[in-house]
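Beneath this line is the structure, given in structure tokens, with notes to follow.
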Amino acid sequence: MTADKNVTQNITQVIAASSLGTLIEWYDFYIFGSLAVIIGQQLFPSDAGASALINTLAIFAAGFIVRPFGALVFGRLGDLIGRKYTFLLTLVLMGGSTFLIGLIPSYSSIGYAAPILVLILRLIQGLALGGEYGGAATYVAEHAPVGRRGFFTSWIQTTATLGLFLSLGVIVLTKNLLGAEDFASWGWRIPFLVSILLVVVSIYIRMKMHESPVFTKLKAEGKVSANPLKESFQKRANFKMVLLALFGATMGQGVIWYTGQFYAQSFLENTCKLDFNESRYILLWAILFATPFFVVFGSWSDKVGRKWIMLTGMLLGVLCYRPIYQYFLDATNVKEMQKTALKSTSEPVVERGLVKDKLDSLITTTVVKTLDNGITFRESNVVILPDDILAPVPEPQTVIKDVTLSGQTYITVILLVFFQVLLVTMVYGPIAAFLVELFPTQIRYTSMSLPYHIGNGVFGGLVPFIATLVASFSGSTPLSGLWYPIGIATLSFIIGAIYIDNRIDKTVMD
């Protein structure tokens, strides 16, 4: 009884130390995506329009694309020198890069040097994150007792979503304290800068951690791999497992993860025109209620196996995404709803100015409208009066933004985002244990990191960028971008269903 208690206390300390550092790394990585619209306005010319957001999402995606290279570099180090010091190094690189992004001057100060510098720092972040996850998951798994590996590694799985939750919370709090104008001007830098404090605390905690007992034993016996990359990818049996992990599991898991959390928030804000805070509050509530299910599904996978829990999450995403996002469109189509359900309109506010770099006059008339169902939104009519009195006057443009939901509609949208995050917990909760159990100890860090970061980082991380880009093509509909995650998840489900074994448990010591 006493021995079991000591094991529990030890694994609890391991999970706490590993999870805190990993959570902070995900926070650092995701605040950029959570602020993509505002950062785009800072990094690119003011008249860049929609291209500013697409370019910013491309910089965001660049951090995902290099994650597999980070997996190779730091995975090799982890298999050569140990788990502890490798993911201590990744934490330092991530924290330093995040802090520096908060200091980069805007486009108005240094021109295109601003997005180039941010791109470089995003690449460093991607490399660091490529080495972090594999180290943390391997470290926890190698401490976990047989029969409970899914349960204990699932705590590491919560850190990605909790990192997103923390980033959203800090952003909303900062914006509410400073006000929308100051936040858009300079306050957006604060979430980047304060992360350095979290990183220092995490480094202190990780310095006190001990090396994995499994790796320590391997090192003492002189069985550490001399060339983890060669053993992982040149030996046919190991390379087969790498490909199976990628195409049958992590690829589908990645698109479900980023659709359910990042693309959902981006779609609500940019396509449905929800208010900045509104879209984030919805995601915060959904994450809050769904996060415990990482542990639920991780623990359940110890009893019934990893395979079908993950594949069921993929299949539900394939079947449900289009009707869910169609509801988002219908529920926020205030332009049509106001024709029959307009309740009140505020006094108009008229603003006059000049078109940038021209002498044409710009007149913007803005009103706040309320519908019978409680939904409010801001409608602006923009009229351009040419400086040349003989020139034709263009048709007025109507812009709708800052939609705020109410009542049953608000609750339903939260539930639908919650359902998407629940699918994330199904595919993500068991996957660390699944990956750890595929590979032998001496090449585990390298072998599991690469398929994870290609599947999650590249296929998954590109979801917001590719989906937004596809939806912007001429002739596309707002739902066109969903074909990318649906197609990838479908392919991964088919491969996984045919070729993956339903692993319930397996000793980590080969």
Side-chain angles (χ1 to χ4, degrees), residues 64-65 67-68 71-72 75 130 133-134 137-138 141 149-150 153-154 156-157 160 231-260 294 297-298 300-321 423-440 443-463 466 483-506 508:
F64 292 94
I65 293 172
R67 276 169 57 178
L72 292 175
Y133 173 82
T138 300
R149 196 166 298 119
T153 56
S154 66
I156 286 290
Q157 303 306 89
E231 288 190 40
S232 294
F233 308 120
Q234 287 191 9
K235 285 190 176 182
R236 184 175 179 181
N238 287 330
F239 188 56
K240 177 184 176 182
M241 289 298 102
V242 170
L243 294 178
L244 185 59
L246 170 59
F247 294 110
T250 63
M251 182 174 72
Q253 171 261 309
V255 296
I256 296 295
W257 206 102
Y258 286 95
T259 302
F294 283 107
F297 288 118
W300 194 24
S301 75
D302 286 329
K303 299 177 177 62
V304 302
R306 328 291 186 199
K307 172 180 176 176
W308 290 111
I309 295 176
M310 296 188 296
L311 295 186
T312 299
M314 295 179 203
L315 181 60
L316 289 174
V318 169
L319 297 176
C320 298
Y321 278 154
L423 301 186
V424 171
T425 67
M426 294 181 70
V427 298
Y428 200 56
I431 205 164
F434 166 78
L435 291 172
V436 164
E437 292 165 354
L438 276 181
F439 303 104
I443 59 169
R444 179 172 294 128
Y445 199 150
T446 303
S447 297
M448 73 166 286
S449 293
L450 185 66
Y452 173 78
H453 286 292
I454 294 178
N456 191 280
V458 178
F459 285 99
L462 289 175
V463 167
I466 292 180
W483 288 119
Y484 171 71
I486 288 174
I488 296 297
T490 301
L491 180 61
S492 191
F493 173 83
I494 294 171
I495 294 173
I498 296 173
Y499 294 107
I500 286 180
D501 293 332
N502 188 35
R503 296 172 181 268
I504 295 180
D505 206 322
K506 178 185 174 185
V508 174

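Since we're looking at a predicted model, the values are computed, not measured.
Between the CD1 atom in Ile494 and the CZ atom in Phe247 there is a gap of 14.0 Å [rounded to 0.5 Å]. Ile256 CD1 to Ile486 CD1: the interatomic distance, rounded to the nearest 0.5 Å, is 9.0 Å. Note that CE of Met251 is 11.0 Å distant from CD1 of Ile454, once rounded to the nearest 0.5 Å. If you take OG1 on Thr425 and CD1 on Ile309, they are separated by 10.0 Å, rounding to the nearest 0.5 Å. Expressed to the nearest 0.5 Å, how far CG of Leu246 lies from CD of Gln253 amounts to 11.0 Å. Residue Lys307 holds its NZ atom at 10.5 Å from OG1 of Thr312, rounded to the nearest 0.5 Å.
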From CA spacing to verdict: side chain to side chain contact (heavy atoms under 4.5 Å, CB included), Asn456, Tyr428: CA-CA 10 Å; Asn456 191 280; Tyr428 200 56; 4.0 Å; yes

Chi angles and distances behind the side chain to side chain contact (heavy atoms under 4.5 Å, CB included) call for Leu315, Leu319: CA-CA 6 Å; Leu315 181 60; Leu319 297 176; 4.1 Å; yes

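Closest approach of Val318 to Ala489, counting heavy atoms only: CG2-CB, 3.7 Å. Of all the heavy atoms in Phe294 and Ser154, the pair that sits closest is O-CB, 3.4 Å. Of all heavy-atom pairs spanning Ala245 and Leu438, the tightest one is CB-CD1, 3.7 Å. Of all heavy-atom pairs between Pro430 and Met310, the closest is CG-CG, 4.1 Å. When every heavy atom of Gly248 is checked against every heavy atom of Ser492, the shortest pair comes out as C-OG, 3.5 Å. The two residues Arg149 and Arg306 have their closest heavy-atom pair at CB-NH2, 4.3 Å.
Applying side-chain contact (heavy atoms from CB on, under 4.5 Å) to Phe459 and the options Ile488, Leu491, Thr250, Ile466 leaves one that passes, Ile488.
Leu462 has its side chain out of reach of Tyr258: every pair of non-hydrogen atoms, C-beta onward, lies at least 4.5 Å apart. Looking only at side-chain heavy atoms (C-beta outward), Val427 and Trp257 stay at 4.5 Å or farther from each other.
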